[in-house]
Amino acid sequence: MRRELLRSLIAVVVLTILLGLIYPLVMTGLSQVVFPGRANGSLITQNGQVIGSRLIAQDFRKPVIGKNGKPETSDGKPVLAADPAYFQPRPSTQTSYAANASSFTNLGPNSTVARDTFKSNLDAYLKLEQRYDAGLTAARVPIDAVTSSASGVDPEISVANADIQAHRIAAVRRLPMNEVMKLINNNTDGRFLAVLGEPGVNVLDLNLALDRATGGSR
């Protein structure tokens with residue numbers, strides 16, 4: 001019995017050192033050498049400051065200003081609306097794009113809450129985009145434009161979603177449509193290994209490229 005306990009204790013200590021210390025340190029060192037950017041979170045810097053990550057969506061809304069010239073509030077929180085000068089990411093109903101609280105609604109297909117949420121998102125999307133694309137109908141709206149991802153912070157939107165928003169961006173930014181489409185193409189990630197998944201447009205990368213093309217942040 002004593003011998004078995006000693007062997008067990010030695011095994012725990014050895015495996016703890018091997019898998020709890022040595023292995024993580026070796027993998028961390030290798031990742032820092034081979035792909036340091038990804039290992040550190042795919043951070044994006046501007047003027048020496050970290051402004052985001054390619055892996056996490058950001059909120060491109062702005063406060064709604066009331067008739068009194070002050071930001072409107074609801075339940076003590078500022079009311080936000082999509083900034084028409086920027087491409088908008090997928091909705092983030094649960095987390096408001098908070099990277100430290102990613103989650104999804106977990107609502108089933110028969111949920112009235114899910115139905116009402118998607119209907120509200122669809123109405124808001126059409127209200128924002130139809131002004132610039134008169135032929136836009138609910139049937140043409142891609143599903144990612146009205147539903148949140150499993151994490152609530154998906155950094156990409158579909159190419160179809162970006163193409164619809166391009167009409168608004170071209171009008172608000174006063175850019176030729178072909179230039180906006182070129183920016184979308186340049187910031188579209190292809191399928192993984194050329195066969196898995198669907199192409200996606202990184203919204204943060206695209207909006208940064210848009211700012212550079214128009215002479216700075218709006």
Side-chain angles (χ1 to χ4, degrees), residues 1-61 75-77 80 87-111 113-114 117-118 121 142-159 161-162 185-209:
M1 175 70 73
R2 183 178 298 176
R3 181 180 298 177
E4 291 176 354
L5 288 174
L6 182 60
R7 287 177 177 175
S8 298
L9 180 60
I10 293 174
V12 169
V13 172
V14 170
L15 290 174
T16 299
I17 294 174
L18 180 63
L19 301 178
L21 294 175
I22 296 176
Y23 177 76
L25 288 174
V26 170
M27 296 307 297
T28 300
L30 285 175
S31 63
Q32 290 294 332
V33 172
V34 179
F35 34 79
R38 293 183 180 180
N40 292 325
S42 299
L43 301 178
I44 298 176
T45 59
Q46 192 174 66
N47 300 323
Q49 246 184 348
V50 176
I51 60 172
S53 166
R54 293 196 76 252
L55 306 177
I56 301 173
Q58 288 195 19
D59 197 346
F60 285 94
R61 294 177 296 173
D75 297 327
K77 298 180 180 179
L80 303 176
F87 285 92
Q88 297 297 312
R90 296 184 66 167
S92 182
T93 308
Q94 293 293 105
T95 66
S96 296
Y97 307 99
N100 61 345
S102 62
S103 66
F104 59 100
T105 61
N106 202 31
L107 297 174
N110 295 324
S111 168
V113 175
T117 299
F118 301 151
N121 291 343
I143 191 170
D144 66 287
V146 298
T147 60
S148 61
S149 64
S151 67
V153 291
D154 188 347
E156 295 185 335
I157 58 175
S158 66
V159 175
N161 189 353
N185 292 334
N186 290 342
N187 291 280
T188 299
D189 297 322
R191 293 181 172 88
F192 181 65
L193 298 178
V195 294
L196 300 178
E198 295 293 331
V201 184
N202 191 287
V203 177
L204 178 56
D205 279 344
L206 178 56
N207 281 333
L208 289 173

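Residue numbers count from 1 along this sequence.
- Residues P91 and Y97 come closest through the heavy atom pair CA-OH, 3.8 Å.
- A donor-acceptor contact shorter than 3.5 Å is absent between the side chain of N202 and the backbone of D189.
- Taking 4.5 Å as the limit, every side-chain heavy atom of L206 sits out of range of all side-chain heavy atoms of I157.
- Here the straight-line distance linking atom CD of Q58 with atom CG of L208 works out to 8.0 Å at 0.5 Å rounding.
- Partners of F60 under the ring-ring contact (aromatic ring centres under 6.0 Å, His included) rule, at least two apart in sequence or in another chain, are Y86.
- For T188 (side chain) and V201 (main-chain N/O), no donor-acceptor pair under 3.5 Å exists by modelled atom type.
- I56 places none of its side-chain heavy atoms less than 4.5 Å from the side chain of P155.
- Taking CD1 of I143 as the reference point, atom CG of N161 lies at 11.5 Å (rounded to 0.5 Å).
- The structure places CG of L43 at 8.5 Å from CG of L55, a figure rounded to the nearest 0.5 Å.
- I44 contributes atom CD1, which lies 4.5 Å from atom CG of D205 (distance to the nearest 0.5 angstrom).
- Shown here are the salt bridge (Lys or Arg N to Asp or Glu O under 4.0 Å) partners of R61, two or more places apart in sequence or in another chain: D59.
- In terms of heavy-atom proximity, F118 sits nearest to T147 at CE2-CG2, 3.8 Å.
- Counting only residues at least two apart or in different chains, salt bridge (charged side-chain N to carboxylate O under 4.0 Å, His left out) contacts with residues 144-155 comprise R90-D154.
- Between S92 and S148, every side-chain heavy-atom pair lies at or beyond the 4.5 Å cut-off.
- Smallest separation of non-hydrogen atoms from P24 and L18: CD-O, 4.5 Å.
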Does I22 form a side chain to side chain contact (heavy atoms under 4.5 Å, CB included) with I17? I'd like the steps, not just the answer. CA-CA 6 Å; I22 296 176; I17 294 174; 4.0 Å; yes
